[in-house]
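Okay, so here's the structure we're looking at.
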Amino acid sequence: MSNEQNNRRDFLKQLSALGVLGGVIAAGVGGASYLGADQSLMLRPPAAVDEDEFLALCVKCGQCLQVCPYDSIILADVQSGHSVGTPFIDPLRRGCYLCPLLPCVLACPTGALDHHVEDVKAVEMGIAITPRMHACIAIENKSVTKEMVNRIYDHTKTLTDSELQSYTLEVFANKSDKRELEEKVLQKLETFVDKACTLCADMCPLPNATDAIHMVADEKGGQKPEILSACVGCGVCVEVCPTSVLAIKPRVTYDEYYEKG
């Protein structure tokens, strides 16, 4: 058994010990009503089963939200119809950074997030699309500004008020794992300031990121993003794009969107 499989097993045991699993199952599995999928699909957390089945299985326990170290997952409000209380991701607020152990999947007590999915390259959340390519600053060879990076500071949950006011990370002797992860995102973003924008491609969290999105030459002399078949629709490119060039089409594969139209 690989180290990653052992780590996943240990993580699952920790959740059980904390009472995350088991009690929720007894309270909800089998009793959830079979709700029809909303016409407008939400971007669900990694490895979500088909929408109708997801709505039937999800007991709205919020465990996936609680274990997400990036605070990517939120719960649908009362305006979401049948989906109220179910988890989803708003990539304009925070994309999914594809944690290697997929803690949200392991925390799901009902199988609404498929436990058979162990590889972030197989989470099949959706596909990135480029509906506003005309707004891409990379096409015009414009650089990333500090203000563009500052937006992402406001997407975090562990920074102090002074850090959020100054948009500068402070040094702490003892930091939580969650803060460490958020710092890494912000520190990486800072390296792009005053450089030609490639944020969408270079911030992609997939291990094989260049197979999911890369920059290609544009006829105007700059570059533009091109979506490739490995894209899983995590939404990080949407979050970091300073001009809303990209969007995510939930529950659609690359072949369905780009090959078949």
Side-chain angles (χ1 to χ4, degrees), residues 43 45-46 64-75 77 87-100 103-104 120 125 128 130-207 209-210 212-215 222-225 231 233-248:
L43 181 61
C64 56
L65 178 153
Q66 292 182 35
V67 301
C68 177
Y70 293 96
D71 296 308
S72 303
I73 303 172
I74 52 181
L75 300 180
D77 60 22
F88 75 104
I89 292 170
D90 177 0
L92 291 173
R93 186 197 65 89
R94 172 114 286 188
C96 169
Y97 283 81
L98 299 174
C99 306
C104 57
V120 296
M125 299 167 68
T130 53
R132 299 185 71 250
M133 189 68 82
H134 63 278
C136 180
I137 63 174
I139 291 177
E140 299 179 12
N141 285 314
K142 291 184 178 179
S143 299
V144 176
T145 67
K146 181 65 168 77
E147 289 71 26
M148 293 173 182
V149 171
N150 289 350
R151 295 183 309 111
I152 313 303
Y153 277 77
D154 293 326
H155 296 180
T156 62
K157 295 290 182 68
T158 62
L159 302 188
T160 64
D161 288 342
S162 60
E163 287 175 306
L164 291 173
Q165 290 173 2
S166 65
Y167 296 113
T168 303
L169 292 173
E170 299 171 0
V171 178
F172 293 95
N174 298 309
K175 294 181 285 191
S176 66
D177 292 342
K178 182 174 180 177
R179 173 160 179 122
E180 288 271 10
L181 291 171
E182 290 193 339
E183 280 189 4
K184 286 180 180 179
V185 170
L186 294 171
Q187 288 166 349
K188 185 175 181 179
L189 280 166
E190 292 284 1
T191 66
F192 295 97
V193 174
D194 295 329
K195 296 179 181 178
C197 187
T198 57
L199 289 177
C200 58
D202 288 330
M203 290 300 295
C204 176
L206 270 175
T210 55
I213 181 172
H214 68 176
M215 305 300 290
Q223 298 187 89
K224 61 183 179 182
C231 175
C234 69
V236 169
C237 60
V238 176
E239 179 190 2
V240 300
C241 177
T243 53
S244 300
V245 171
L246 298 107
I248 300 297

Under the ring pair (Phe, Tyr, Trp, His ring centres under 6.0 Å) test, which residues partner Phe192, sequence neighbours left out?
-> none

Thr145: partners by side chain to side chain contact (heavy atoms under 4.5 Å, CB included), with sequence neighbours left out = Glu147, Met148

Can you run down the salt bridge (Lys or Arg N to Asp or Glu O under 4.0 Å) pairs that involve residues 188-207, sequence neighbours left out, and say none if there aren't any?
-> Lys146-Glu190

Which residues satisfy the salt bridge (charged side-chain N to carboxylate O under 4.0 Å, His left out) test with Lys157, sequence neighbours excluded?
-> none

Between Val185 and Leu189, is any pair of side-chain heavy atoms under 4.5 Å apart?
-> yes

For Gln165, side chain to side chain donor-acceptor pair (under 3.5 Å) partners two or more places apart | none

Is there side-chain contact between Val236 and Pro91, with heavy atoms separated by less than 4.5 Å?
-> no

Could you pull out all residues at least two apart from Thr158 that satisfy side chain to side chain donor-acceptor pair (under 3.5 Å)?
-> Glu182

If you round to the nearest 0.5 Å, how far is CD of Glu183 from OG of Ser176?
-> 8.5 Å

Stepwise side chain to side chain contact (heavy atoms under 4.5 Å, CB included) test for Leu169 and Tyr153 = CA-CA 9 Å; Leu169 292 173; Tyr153 277 77; 4.2 Å; yes

Which pair of non-hydrogen atoms, one from Val120 and one from Pro100, has the smallest distance, and what is that distance?
-> CG1-CA, 4.2 Å

Just how far is it from atom CZ of Arg94 to atom NE2 of His155, taken to the nearest 0.5 Å?
-> 7.0 Å

CE (Met203) and SG (Cys234) are apart, to the nearest 0.5 Å, by 10.5 Å

Might you point out which heavy atoms bring Met125 and Cys96 nearest each other, and give the distance in Å?
-> CE-CB, 3.9 Å

Write down the atom of Ile248, the atom of Val238, and the distance for their closest heavy-atom approach.
-> CG1-CG2, 3.7 Å

Please report the closest heavy-atom contact between Thr243 and Arg132, naming both atoms and the distance.
-> O-NH1, 2.5 Å

Only one of Asp154, Leu186, Leu159 clears side chain to side chain contact (heavy atoms under 4.5 Å, CB included) with Tyr167; which?
-> Asp154

When the ring planes of Tyr97 and Tyr70 are compared, do they come out parallel, tilted or perpendicular, using 30° and 60° as the limits?
-> parallel

If you look at every heavy atom in Gln223 and Thr198, which pair is closest and at what distance?
-> NE2-CG2, 4.3 Å

Residues at least two apart in sequence or cross-chain that pass side chain to side chain contact (heavy atoms under 4.5 Å, CB included) with Ile73, listed by chain then number, are Pro45, Cys64, Leu65, Cys68, Pro87, Ile89, Cys104

Under the side chain to side chain donor-acceptor pair (under 3.5 Å) test, residues paired with Asn141 that sit two or more places apart | none

Applying side chain to side chain contact (heavy atoms under 4.5 Å, CB included) to Cys136 and not counting sequence neighbours gives Met133, Ala138, Ile139, Pro225, Val245

Lys184: side chain to side chain donor-acceptor pair (under 3.5 Å) partners, not counting sequence neighbours | none

Gap separating the CD1 atom of Ile213 from the CG atom of Leu206, nearest 0.5 angstrom = 10.5 Å

Decide if atom NZ of Lys142 counts as having more than 12 heavy atoms of other residues, nucleotides or ligands within a radius under 6.0 Å.
-> no

Of all heavy-atom pairs between Cys200 and Leu246, which one has the smallest distance, and what is that distance?
-> CB-CD1, 3.9 Å

Hey, could you give me the CD1/SG distance between Ile137 and Cys241, rounded to the nearest 0.5 Å?
-> 7.5 Å

Applying salt bridge (charged side-chain N to carboxylate O under 4.0 Å, His left out), name anything that partners Glu163, two or more places apart in sequence or on another chain.
-> Arg179

Got a sec, which residues hit side chain to side chain contact (heavy atoms under 4.5 Å, CB included) with Asp90, two or more places apart in sequence or on another chain?
-> Ile74, Phe88, Leu92, Arg93

